[in-house]
Amino acid sequence: MKQTYIAEIGKHIGAEVTLRGWLYNKRSSGKLGFLEIRDGSAMMQAIVSKKDVDEATWEASERATQESSVIVTGVPREHPKKPGVYELDVKTLELVGLASEYPITPKEHGVEFLMDHRHLWLRSKRQHAILRVRHTIIKAVRDFFDNNGFTLCDTPIFTPAACEGTTNLFEVNYFDEEKAYLSQSGQLYNEATAAAFGKVYCFGPTFRAEKSKTRRHLTEFWMVEPEVAYAKLDDVMELAEQFVSYVVARVLESRQEELKVLERDITKLEAIIPPFPRLPYDDAAKMLDEAFAAGKLENKFEYGSDLGSPDETYISSQFDKPVMVHRYPAAIKAFYMEPDPLRPDLALCVDVLAPEGYGEVIGGGERASSLEYLLKQIAAHGLPEEAFDWYLDLRKYGTFPHGGFGMGIERCVSWLCGLEHVRETIPFPRMLYRLKP
RNA sequence: UCCUCAGUAGCUCAAUGGCAGAGCACUCGGCUGUUAACCGAGGGGUUGUAGGUUCGACUCCUACCUGAGGAGCCA
């Protein structure tokens, strides 16, 4: 008995097939049973008619509870009332595993309950759709870089020192010599591999021990980080808009069904095509001042500070494409940012803010290439110079201008799916106060 | 760390300081085209914890616990 997957059922109309899966839901009308079967690929309704099946099958169909595992044989045909929809006329049904009373009912549930049952919640239609979109996004991310001459060079997860201080890092006590930390970015290592391969990317889990408790934060999330030798800030911005547009297009192309389940307004996604607006920090500051004067923002924006969440939301709401805010004050950015030669108080960096209030999905820029400047910056930030000896070597042995960015996968999934919270974008989210399941 | 809100049946919620309730889920019965199916019956409660006010507290007060949303910080 070869298994047929429901997603392929259209190819088997009129021929007997075997489905293996789980009972999603059941309705009955006397001697007629309607079983919704899911097998991971899709769902379909199976019809059990008492007069057409043997006693064991009828009894099993009556006994089967929600989420019981079942093997069903039958003949698929078109739904009598819905063209293009298929149903299965059941011949036999075998109960593989009777499910105990299933906690997730077809009615509504609260967040805490669903999060406690995340291992089961994944079986529901909505979660299935989200994680399929996630899969497509990740595939598109890899394809984009693989097809554009990038080499995958993954960076370590255990790292000896912080990129930007140790306050938000997870400490690991294992290595004899010194303290280790879980990676918060692969960027410094990307700069080393970029000198070897030219165009590189890394893609892995990232850890941030921030006491953040918002819909945009996870303590463990996945980040893809490209780095390009000889790239200037303009090249980085162009790469970012090409990359984001490609990923969005791939999702639109292959995940229509899932976006429909999620009730996503796809016209919003269809607008995501290059070029994206470029907004200098100074202009962003002016926009925020005007918004505050017009009573559209609660707090006055202070020039020189970083954009707050409400600020980002306001700015992105003014555009129907992702907006690239560039050239922030160097003082509020990481030590390795290249200063703008025309305005040394500004850093050659860029944040990409997704539309519809989804906030920052990409952060990046041009890296400082001068050894003298980096030494000054490390001292100014109070960082231990010896921790960066290998990083400084990159400036000693053939330094070169270069840049790149990092994109948080979960924020991207959240945006493309139109979700309220990133916790649904990863199979098992890790958050402040959430380690199980 | 700070601000706001919420904890009542397995789940989602109701109950004006005066008898602890409904829908879903579950069990039993009915129904040959159901779509969160429907109809009838049944079991199911330390109202987050501790204290206080009151003749009487799910309801009011205090503290704590847990969760959610937000700020800061970030992708």
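In what follows, chains carry the letters A, B, and so on, assigned in the order in which the sequence lines appear, proteins first and then strands, with residues in each chain numbered from 1. Keep in mind the model is a prediction, meaning the values are calculated, not measured.
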Partner of [N] by Watson-Crick or G-U wobble geometry, both contacts under 3.5 Å, or none?
N: B:A20; result: none
N: B:A6; result: B:U66
N: B:U1; result: B:A71
N: B:C38; result: B:G30
N: B:U46; result: none
N: B:C60; result: B:G52

Can we call the ring centroids of A:Tyr281 and A:Tyr303 under 6.0 Å apart?
yes
If you assign A:Arg434 and A:Ile332 each to the RNA chain B nucleotide with the nearest heavy atom, which residue ends up on the more 5' nucleotide?
A:Arg434
Assert: residue with more 5' nearest nucleotide on RNA chain B, out of A:Glu420 and A:Gly406, is A:Glu420
Give a yes/no answer on whether the side chain of [X] brings an N or O atom under 4.0 Å of OP1 or OP2 in [N].
X: A:Lys81; N: B:U34; value: yes
X: A:Lys211; N: B:C73; value: no
X: A:Lys213; N: B:A68; value: yes
X: A:Arg423; N: B:G69; value: yes
X: A:Arg63; N: B:C26; value: no
X: A:His421; N: B:G69; value: yes

Do [X] and [N] have a side chain to base donor-acceptor pair shorter than 3.5 Å?
X: A:His217; N: B:C74; answer: yes
X: A:Ser212; N: B:G72; answer: yes
X: A:Arg27; N: B:C31; answer: no

Using a 5.5 Å cut-off between ring centres and planes within 30 degrees, is A:Phe221 stacked on the base of B:A75?
yes
Sugar-phosphate only, base, or nothing, as touched by A:Gly308 at under 4.0 Å among non-hydrogen atoms
sugar-phosphate
In whole Å, what separates the C1' atom of B:A36 from that of B:G23?
12 Å
